[in-house]
J.: 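One structure, pasted below without further comment.
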Amino acid sequence: MTTQTIKHGTQEWHDARKGKITGSTAAAILAPGQTGVRGTPLTEWRRITQELAGLDLELGAPPEADDAADDGGDALADILAWGSESERFHAELLRKQGWQVDLNQDLRVDADRPWLAGTPDGTVRADGQRSVLEMKAPVHNFSVWRDEAPMGARVQAAIYMHLLDLDSAVVSALLPPRPRWHLVVRNDEWEAWALDKLDRFRHDHVL
């Protein structure tokens, strides 16, 4: 499986993300209502079709006409900013535990499904094995990380394993006093089911 790589933060990176199903949004289609999943197939259909039409998701108008976000949007933006701003600190804590961390947030686009893409946080090595790295900085519901990563994070990791063609992923949550991480192992049967479901969602609803 081959992918196209687009440099993180470039205009091409921002443009290429529009109208795509991504690692962070696929769970809304594959596992709506489960732990750590934001959105539903309907909200994903709305986002994708409006982005493809060049419309703003909330207002139904061109993005430049959006003068202010609502309070809910501001709160979500703050949470996402906290996660983004804490990544280097998070990575350093993982390195102190012996992980070899390589941060790389370039966009990976599936060559066979150019509407499927993702921006992993990077990769990590331990005992010679290279795995996808996905870092989270939750601001509530810490208890859901006790036994395993929430479903939303596991689906995201699975999409990234597909895009990077790796057999495992480390999903790490920035919880005091040190990150709590969980290993997610690639499951070929689940991946085939997920890709088929995303194919059908794209064909039956977006197209």
Side-chain angles (χ1 to χ4, degrees), residues 1-31 36-39 44 47 79-95 97-138 145 148-175 179-188 190-191 194-195 198:
M1 205 277 296
T2 58
T3 59
Q4 177 188 6
T5 301
I6 300 175
K7 187 68 176 175
H8 179 265
T10 63
Q11 188 60 48
E12 183 184 10
W13 182 86
H14 288 286
D15 293 343
R17 288 168 52 87
K18 294 179 181 178
K20 286 182 171 54
I21 297 172
T22 69
S24 59
T25 65
I29 300 167
L30 299 172
V37 177
R38 289 196 304 267
E44 273 304 281
R47 175 190 67 80
I79 291 171
L80 295 176
W82 156 242
S84 176
E85 292 166 1
S86 65
E87 284 168 354
R88 293 193 179 279
F89 171 67
H90 193 159
E92 284 305 315
L93 292 179
L94 292 174
R95 290 185 180 108
Q97 296 186 63
W99 298 94
Q100 297 178 29
V101 178
D102 178 19
L103 296 181
N104 183 337
Q105 295 181 325
D106 292 344
L107 183 70
R108 308 299 181 100
V109 182
D110 189 323
D112 297 324
R113 297 174 176 84
W115 45 263
L116 179 63
T119 304
D121 290 323
T123 59
V124 63
R125 285 184 183 272
D127 300 325
Q129 179 175 346
R130 182 168 174 255
S131 304
V132 172
L133 174 63
E134 181 57 29
M135 297 183 291
K136 300 296 184 184
W145 291 88
E148 62 180 357
M151 177 60 75
R154 299 204 308 272
V155 171
Q156 188 174 4
I159 297 298
Y160 293 159
M161 283 187 280
H162 167 73
L163 291 172
L164 272 67
D165 197 21
L166 294 175
D167 293 329
S168 59
V170 172
V171 180
S172 179
L174 187 58
L175 304 178
R180 181 183 296 244
W181 60 269
H182 297 283
L183 183 68
V184 180
V185 178
R186 192 170 183 177
N187 182 318
D188 291 340
W190 183 91
E191 185 175 308
L195 293 175
L198 295 176

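None of these values were measured; they are calculated from a predicted model.
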J.: Between Ala173 and His90, which heavy-atom pair has the shortest distance, and what is it?
T.: C-CE1, 3.8 Å
J.: Distance-only, no hydrogens or angles: does the Arg154 side chain make a donor-acceptor pair with backbone N or O of Ala149 under 3.5 Å?
T.: yes
J.: Measuring from atom CG of Leu166 to atom CD of Gln129, what distance do you get when rounded to the nearest 0.5 angstrom?
T.: 9.0 Å
J.: Show the nearest heavy-atom pair for residues Thr119 and Tyr160, with the distance to one decimal.
T.: O-OH, 3.4 Å
J.: Using every non-hydrogen atom in the two residues, find where Val109 and Pro114 come nearest and quote the distance to one decimal.
T.: CG1-O, 3.6 Å
J.: Distance check, rounded to the nearest 0.5 Å: Leu116 atom CG versus Leu163 atom CG?
T.: 5.5 Å
J.: Does Leu30 form a side-chain contact (heavy atoms from CB on, under 4.5 Å) with Leu198? I'd like the steps, not just the answer.
T.: CA-CA 8 Å; Leu30 299 172; Leu198 295 176; 4.0 Å; yes
J.: Does a side-chain N-to-carboxylate-O contact under 4.0 Å join Asp121 and Lys136?
T.: no
J.: What is the distance from atom CG of Asp106 to atom NE2 of His8, rounded to the nearest 0.5 Å?
T.: 8.0 Å
J.: So, using side chain to side chain donor-acceptor pair (under 3.5 Å) as the criterion, who are the partners of Thr10 when residues are at least two apart?
T.: none
J.: Measure up the His182 and Trp145 rings against each other and bin them: parallel (under 30°), tilted (30 to 60°), perpendicular (over 60°).
T.: parallel
J.: Take Ile21 and Ile159 through the test side-chain contact (heavy atoms from CB on, under 4.5 Å) and record every step on the way to the result.
T.: CA-CA 10 Å; Ile21 297 172; Ile159 297 298; over 6 Å; no
J.: Please round to the nearest 0.5 Å and tell me the distance separating atom CZ of Arg113 and atom NZ of Lys20.
T.: 14.5 Å
J.: Checking Val124 against Trp181 for the side-chain contact (heavy atoms from CB on, under 4.5 Å) test, could you report, in this order, the C-alpha distance in whole Å, the side-chain angles of both residues, the deciding distance, and whether it holds?
T.: CA-CA 12 Å; Val124 63; Trp181 60 269; over 6 Å; no
J.: Take His162 and Val132 through the test side-chain contact (heavy atoms from CB on, under 4.5 Å) and record every step on the way to the result.
T.: CA-CA 10 Å; His162 167 73; Val132 172; over 6 Å; no
J.: Can you name the residues that form a side-chain contact (heavy atoms from CB on, under 4.5 Å) with Leu93, not counting sequence neighbours?
T.: Phe89, Leu174, Pro179
J.: Using modelled atom types only, decide if a donor and an acceptor are shared between the side chain of Asp110 and the backbone of Ala117 within a distance under 3.5 Å.
T.: no
